[in-house]
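What you see is a predicted model; the values in this text were computed from it and never measured.
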Number of protein chains: 4
Amino acid sequence: MYKEQLLGKKTAVVGGDARQLVIAEALCKKGAEVFLCGFDQLNLTEPGYRKVQVDDIPYEALDALIFPVSGIKSDGDIKSSFSAANLNINHQLLERCPESCLLFSGIETSWTASSKREFVYLFEEDDIAIQNSIPTVEGILWLIIQDTDYTIHGAEVVITGCGRVGLTAARVLRSLGAKVTALSNNKSEIARMNEVGVKAMHLKDLHLCIKDANIWINTIPGADIINEETLTASHPNIFIIELASHPNARQRVLTGEKNIHYLEAPSLPGLVAPKTAGNILAKAILDKIIEKGE
Amino acid sequence: MYKEQLLGKKTAVVGGDARQLVIAEALCKKGAEVFLCGFDQLNLTEPGYRKVQVDDIPYEALDALIFPVSGIKSDGDIKSSFSAANLNINHQLLERCPESCLLFSGIETSWTASSKREFVYLFEEDDIAIQNSIPTVEGILWLIIQDTDYTIHGAEVVITGCGRVGLTAARVLRSLGAKVTALSNNKSEIARMNEVGVKAMHLKDLHLCIKDANIWINTIPGADIINEETLTASHPNIFIIELASHPNARQRVLTGEKNIHYLEAPSLPGLVAPKTAGNILAKAILDKIIEKGE
Amino acid sequence: MYKEQLLGKKTAVVGGDARQLVIAEALCKKGAEVFLCGFDQLNLTEPGYRKVQVDDIPYEALDALIFPVSGIKSDGDIKSSFSAANLNINHQLLERCPESCLLFSGIETSWTASSKREFVYLFEEDDIAIQNSIPTVEGILWLIIQDTDYTIHGAEVVITGCGRVGLTAARVLRSLGAKVTALSNNKSEIARMNEVGVKAMHLKDLHLCIKDANIWINTIPGADIINEETLTASHPNIFIIELASHPNARQRVLTGEKNIHYLEAPSLPGLVAPKTAGNILAKAILDKIIEKGE
Amino acid sequence: MYKEQLLGKKTAVVGGDARQLVIAEALCKKGAEVFLCGFDQLNLTEPGYRKVQVDDIPYEALDALIFPVSGIKSDGDIKSSFSAANLNINHQLLERCPESCLLFSGIETSWTASSKREFVYLFEEDDIAIQNSIPTVEGILWLIIQDTDYTIHGAEVVITGCGRVGLTAARVLRSLGAKVTALSNNKSEIARMNEVGVKAMHLKDLHLCIKDANIWINTIPGADIINEETLTASHPNIFIIELASHPNARQRVLTGEKNIHYLEAPSLPGLVAPKTAGNILAKAILDKIIEKGE
């Protein structure tokens, strides 16, 4: 890519965590002007940066507007790791952006769904989700090593869901010597797991696997798979890692009652490898801005 | 599965190779009656088998009719490894089957496309294609080991296409120590290759890779990727394996002219592992017959 | 193994960490009487346990005496994680043990070397060192994931030493997608690394590798490999993990001066997987006691 | 290495197969004069080559004398793939070589053992044996794919011996999806197999494993492991691959009587990858000649 490929472009980064800084830096390096909102605690002195309040962003002139990967909450609130102040956006502000302005968020929320504008949901793009599965799985390794007193090698691990994260997790854990069983109700996913050397079966056989499992990793969002019945069927010392972004609130109560080791780990990439995770997003955002400009 | 699950079912297996025998045996074991057509050279004495001529199949009574994985040729000809006689079917015969009869073939051909009846094309089912990629790739190993005087370990291998066969081939060859580069124009496939540890890039960069490659495996059907331009860009000692079922006739001429080691290997599973390949198909066929019966 | 295989045997566990508890428990389960010394902070109520002071151990009656894996310090001091009191042994006490009593320690120290009695140094047994490399390498993963902001996947990792830990580390890191270069001055070790798919070269080429490395893991004890020259040759952002039990004191100073990210991680197994690490030792100790009894 | 590093050196290559040609070519490229004996069927016109009879080799002037990897038979006979004539050497001829002349052979035989001169036995060097295990294992893959009608993926494979070839075979077959059990009576080898993810156990448990095995690969030379008792314990459809150079003659009889699929495959590297296998030897020979000259 040419160095000055985004020269003259105006972009804004609103809220987020360390990943957003990687994105801002990448935009800046390509020559774009970057308006930063929700980063007051940081001392950012690059010439291409301008810190602004949410009302002062030059929406009408923007080529791209980037929200956090966790999305915009139902009331317009935006999470920001580098600001103590409340960060909030409303639909009127957003509508001031020109039609040509690209809007990026990680996931769809009721706020973005009800917007008149279309968003690019980065985490719903298949290739980004696959790339993102790598830091996610390294985060899983980190949690397991930290929270157990045995090795991954030799541990019985059950993975529910054989999609993007499930396949990466199964492959990596197997290569570390774990005895992995992966479950899905998709025949193709089961076939691929088998090819890779991982024992795979239909989700309806979950109760057979968790009986003796040391670790259970759930990658299926909104599945209600961690419930009264499955927790009763689980080994009492099982360690459950829930990866879904918005886990069922009931799960925390149930596992608490049963005294089961349970951990919600919704956003591991930003936690364990913000730079790599930020680069994945930055590359995708730059590609889309440049594509649009062609 | 229950032993006698197909009791009372009538099925016919018309033409094919050793895989069809595995299918016939599986049907027989489940209690189905099996009419065999095009197997005159074999002495089959199982009580459930009946050898018949193509005109004598009781089409009206059939629950399933199974054609070879290579499909039915445009003129209705059917390949049969165990018969010297010509085997041919016409549309009138087929239409005598009841609506409920399942028709199986490996791939669509102009003959089956022009039929009034719907076929199950086994090789187009994603999960079967993934399972089938395993014997395909073992066949590739066999060809390489046989036809080269160097080891796979350390060889530079280029794979065009990162789909079902491409991913399996890349994973296996890398674990054998080959230096694999995989090419695709699908971003998700490239991301998955990278995750698995295989260098992956866009197909447009093919000329960069084949310059120094020892081996080039093409998995993209009908792609015209092996052409004047790419052959000129290839290393003169390259060994090209073409996996497509119906390779471009021009390829053979071109590689001959340029004295390039070129091999068409369209149906490796039936060649190197007929039993496993037959079992994959048998399981899929049985599942579909049983599902239908429920 | 029979349940009561150690019935009537008297053993003592003196000092140590969570691994020693696993050992004590294993001895107890086999029917041995276990004298525990240096565990005052724990409430151990198993019938086979007896907490004693170091002077009150019935040395004359012992079949086995187990010291911590970190060994006995030059002045006879013994590390104990579960006691605030000072724990010290002298040669006179030790000599009261009968000839037939097995003495276990992890590594040789000047104290044990000057003893009139022979020790079994568990960490010097090849098979135990290989088994122990597994929790060591999981500890390395944990450190890297925790201390870097990028993924292991894609990172350039240099490993000095291709022995027990080096081979395990290289294999695991490669399967996680790191670009690993392993260095040794042993031709056979280099050949094995190459077979496994890891780039391997002679130690004299270290300066070529660390120039661009993200991570450098040293597994060679007492090698003085981390020195002025190699630190100058290293990439300024390199992260160095030193696994040797007794690292060169100068290394810490030098890396501090150069502001290089440097971490000494001498006993990862006990830290990240005390149960597995304890089981490895317990199994070896039980085998030796039982062998002796036969 | 410098191009003319062996300028002025005189070497002789006596008998052998395609690997010897690779060695001769390597010597020639480095500037050595190469006397070739037993290659009459080949038209070799390189300026550095001289075809001679065994009596006409200028023994007194030689710096290196290279015999085939299969060694010299008890009567002095030497195998040669490229000559119909009988090739034979006697001790008197050999003793004409100067003390400084390096003598290379693959393995020790009674003839070389009874020689007054010392030989370098290339296949007994640990690093060469490890490198050579790679073409050996690719040869094993080739045999299995060719001789069975099922895939390696999913097959139950038993490997006796966990040394150089055993470890490579186990690692590769596992990565192809086979269910591998490796057996050894060496604790360290068992520990390494376990680390790599391969089920490993003591050789005394062989009868438990071969009961259900599809394939049994023996890597232990002269072990008499394939005998009446183990063949009776084996699955009747087992496929046995014997890798030892001089297998027990009784094995062939016994497996014949029991109608067991049995194959002796003593020198796979030269068969499936003569170029790689020759390069491994050539590199080792050059290194030793150059080392000596320094």
Side-chain angles (χ1 to χ4, degrees), chain A residues 1 120 122-138 140-141 162-176 182 184-198 200-202 219 269 273 276-277 279-281 283-288 291, chain B residues 1 120 122-138 140-141 162-176 182 184-198 200-202 219 269 273 276-277 279-281 283-288 291:
Chain A
M1 283 197 263
V120 177
L122 292 165
F123 281 9
E124 285 168 21
E125 312 248 314
D126 197 43
D127 60 319
I128 296 177
I130 293 171
Q131 291 176 67
N132 224 31
S133 73
I134 296 170
T136 299
V137 169
E138 296 195 6
I140 294 173
L141 297 185
C162 299
R164 280 99 50 128
V165 171
L167 181 52
T168 303
R171 193 191 69 72
V172 164
L173 288 163
R174 179 186 183 248
S175 70
L176 280 167
S184 169
N185 46 28
N186 176 312
K187 277 182 174 185
S188 299
E189 289 179 358
I190 290 175
R192 178 54 72 190
M193 280 288 181
N194 272 322
E195 185 276 313
V196 168
V198 173
M201 45 180 79
H202 195 276
T219 72
T276 304
N279 275 328
I280 292 168
L281 298 170
K283 196 182 169 309
I285 290 170
L286 289 179
D287 280 355
K288 289 201 188 279
E291 246 171 56
Chain B
M1 284 197 262
V120 177
L122 292 166
F123 281 9
E124 284 167 22
E125 312 249 314
D126 198 42
D127 61 319
I128 295 176
I130 293 171
Q131 291 177 66
N132 223 32
S133 74
I134 296 170
T136 298
V137 169
E138 297 196 4
I140 294 172
L141 299 184
C162 300
R164 280 99 50 127
V165 172
L167 182 52
T168 303
R171 193 190 69 72
V172 165
L173 287 163
R174 179 187 184 247
S175 71
L176 279 167
S184 167
N185 46 27
N186 177 310
K187 278 182 174 185
S188 298
E189 289 180 357
I190 290 175
R192 177 55 71 190
M193 280 287 181
N194 273 321
E195 185 276 312
V196 167
V198 173
M201 44 180 81
H202 196 276
T219 72
T276 304
N279 275 328
I280 293 168
L281 298 170
K283 196 182 169 308
I285 290 170
L286 289 179
D287 280 355
K288 288 203 189 280
E291 247 172 56

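- Interface remark: of the candidates A:K187, A:E189, A:Q131, A:E125, A:K187 forms the most heavy-atom pairs closer than 4.5 Å to chain B.
- Contact annotation: the side chain of A:N279 never approaches that of A:K283 to less than 4.5 Å [non-hydrogen atoms, C-beta and beyond].
- Shown here are the salt bridge (Lys or Arg N to Asp or Glu O under 4.0 Å) partners of A:E195, two or more places apart in sequence or in another chain: A:R192, B:R171.
- The greatest number of non-hydrogen atom pairs below 4.5 Å with chain B, out of A:S188, A:S133, A:A129, is found for A:S188.
- Ranked by heavy-atom pairs under 4.5 Å with chain B, the list A:I190, A:L167, A:N194 is led by A:L167.
- By number of non-hydrogen pairs under 4.5 angstrom with chain A, the leading residue of B:V172, B:V196, B:I128 is B:V196.
- Two residues are said to be in side-chain contact when any heavy atoms from C-beta on lie closer than 4.5 Å; B:L141 and B:L176 meet this criterion.
- Applying the salt bridge (Lys or Arg N to Asp or Glu O under 4.0 Å) test to B:R164 and every residue at least two apart in sequence or in another chain returns B:D126.
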